[in-house]
Amino acid sequence: MKKSRQIFPKWANHVPMIVGLSLFSLLSFVVFVFWYWFSPKHLNVGYQPEQPIPFSHRLHAGELGLDCRYCHTQVQKAGHSNIPATETCMNCHSVIKTDSPHIKKLHESYANDEPIPWVRIHSLPDYTYFNHSRHVNSGISCVSCHGRVDQMEVVRQVEPLSMGWCLDCHRKPEKHLRPVEFVTKLDWHPKEDQLTLGKRLKKKYDIQPKEYCSTCHR
């Protein structure tokens, strides 16, 4: 009898396994790229747009010590924090640095009753409900979400503001709670252990963060 010839070499038996492992590795890589590199942690953190008029938070909030609420007047009253109107800027700059070309833009804005087109930095999706005053009045400082803006020449986003990031705070709010009178004092540090203080404030302010979907998605 004639011996049957093998059409394919023996190593061809491993081809299905090699193809399967290659496809699995490729799929895992694609998932990793989208899950890790395309997350808010990498896409949003560090966002630092150029503004129509340079405004130094390091100078105004840091060196001069202006309270956040002087410009952002609605942080304790409304669901959304407000961008200051030109009138607020003119309270000082009607007499300070009036020869500056940037300040002249403020004067033009005020005279023409046209708002400065400030570029929004921190933005949540339209399908996300977030009440700014609820958090501020519960002892969550500006620092927890916006970082030390009093040290920033140009404000940038420092936190991802993602769903997972929000849930981490809702699950362990004691890591961020501080007395409400120090919410806008950005350089404040507790004199005791933060977790000990946070647990006491959580009970004092009756902080019971929800984790239901409807809490943020309404």
Side-chain angles (χ1 to χ4, degrees), residues 40-111 114-125 128 130-162 165-166 168-169 173 175-190 194:
K41 183 177 180 180
H42 289 88
L43 292 179
N44 298 339
V45 172
Y47 178 55
Q48 192 177 49
E50 182 178 350
Q51 300 292 350
I53 297 177
F55 180 86
S56 172
H57 276 75
R58 181 182 62 79
L59 170 63
H60 291 80
E63 295 180 20
L64 299 179
L66 288 181
D67 190 285
C68 305
R69 293 165 294 187
Y70 181 79
C71 298
H72 305 286
T73 57
Q74 300 299 312
V75 293
Q76 293 178 305
K77 307 172 185 177
H80 298 278
S81 177
N82 63 299
I83 295 176
T86 304
E87 287 84 350
T88 302
C89 304
M90 290 296 291
N91 287 339
C92 296
H93 287 293
S94 59
V95 293
I96 296 175
K97 297 194 70 174
T98 55
D99 293 332
S100 167
H102 295 302
I103 301 305
K104 288 181 179 179
K105 296 178 184 178
L106 283 176
H107 287 228
E108 292 175 5
S109 169
Y110 183 73
E114 295 180 353
I116 300 295
W118 301 107
V119 180
R120 189 181 185 90
I121 301 173
H122 302 86
S123 182
L124 295 177
T128 303
F130 177 83
N131 189 304
H132 205 282
S133 63
R134 180 69 180 90
H135 289 75
V136 170
N137 293 322
S138 296
I140 298 297
S141 172
C142 313
V143 173
S144 294
C145 300
H146 301 296
R148 289 294 303 273
V149 293
D150 59 320
Q151 297 178 348
M152 299 181 190
E153 187 67 29
V154 180
V155 173
R156 64 186 181 278
Q157 184 169 331
V158 298
E159 299 293 351
L161 307 184
S162 62
W165 178 81
C166 292
D168 286 342
C169 186
K175 294 169 60 176
H176 301 277
L177 292 173
R178 62 172 64 185
V180 292
E181 61 267 28
F182 297 124
V183 162
T184 60
K185 186 173 175 54
L186 306 186
D187 60 352
W188 180 85
H189 293 286
Q194 173 60 48

Rounded to the nearest 0.5 Å, what separation is found between the CZ atom of R178 and the NE2 atom of H189?
8.0 Å
For the aromatic rings, using the six-membered ring if either is Trp, is the centroid distance between H135 and F130 under 6.0 Å?
yes
Using only heavy-atom distances, determine whether the side chains of S81 and Q74 contain a donor-acceptor pair under 3.5 Å.
no
Identify the heavy atoms of D99 and K104 that sit nearest to each other, and give their distance.
O-CE, 3.7 Å
Salt bridge (charged side-chain N to carboxylate O under 4.0 Å, His left out) evaluation trace for K185 with D187
CA-CA 6 Å; K185 186 173 175 54; D187 60 352; 3.4 Å; yes
Distance from H176 atom NE2 to I140 atom CD1, nearest 0.5 Å?
6.5 Å
CG of N44 to CG of L161, rounded to nearest 0.5 Å, is 7.5 Å
Has the side chain of S162 got a donor or acceptor atom that lies under 3.5 Å from a matching backbone atom of W165?
yes
Has S94 got a side-chain atom pairing as donor or acceptor with M90's backbone, closer than 3.5 angstrom?
yes
Counting neighbours of NZ on K97 that are heavy atoms of other residues, nucleotides or ligands and sit closer than 6.0 Å, is the number greater than 12?
no
Interatomic spacing from CG in L106 to OG1 in T88 - rounded to 0.5 Å:
10.5 Å
Quick check against the 3.5 Å criterion: does T73 have a side-chain atom that pairs as donor or acceptor with the backbone of R69?
no
Residue set satisfying salt bridge (charged side-chain N to carboxylate O under 4.0 Å, His left out) with E63, at least two apart, ordered chain then number -> R58
Look at atom CZ of R156 and say whether more than 12 heavy atoms of other residues, nucleotides or ligands are closer to it than 6.0 Å.
no
Measure up the H132 and H146 rings against each other and bin them: parallel (under 30°), tilted (30 to 60°), perpendicular (over 60°).
parallel
Q157 side chain to E159 backbone, donor-acceptor under 3.5 Å
yes
List the steps and the verdict of side chain to side chain donor-acceptor pair (under 3.5 Å) for S133 and Q76.
CA-CA 4 Å; S133 63; Q76 293 178 305; over 6 Å; no
Is there a donor-acceptor contact under 3.5 Å from the side chain of E87 to the main chain of Y110?
no
Identify the heavy atoms of T86 and S109 that sit nearest to each other, and give their distance.
OG1-OG, 2.9 Å
Keeping the roles fixed (side chain from H72, backbone from N82), state whether a donor-acceptor pair exists under 3.5 Å.
yes
How close do C142 and L186 get, counting heavy atoms only, and between which atoms?
CB-CD2, 3.8 Å
Got H107 and T98 here, is their nearest side-chain heavy-atom distance under 4.5 Å?
yes
Taking all non-hydrogen atoms of both residues, which atom of H60 and which atom of S56 are closest, and how far apart?
ND1-O, 2.8 Å
Below 30° counts as parallel, above 60° as perpendicular, anything between as tilted: where do the rings of F55 and W118 land?
perpendicular
When rounded to the nearest 0.5 angstrom, what is the spacing between CD1 in I96 and SG in C89?
11.5 Å
Which atoms form the tightest heavy-atom contact between P117 and P52, and what is the distance?
O-CG, 3.4 Å
Ignoring hydrogens and geometry, is there a side-chain-to-backbone donor-acceptor pair from Q51 to V119 under 3.5 Å?
yes
Spatial distance of atom CD (E181) from atom CH2 (W188) [nearest 0.5 Å]:
8.5 Å
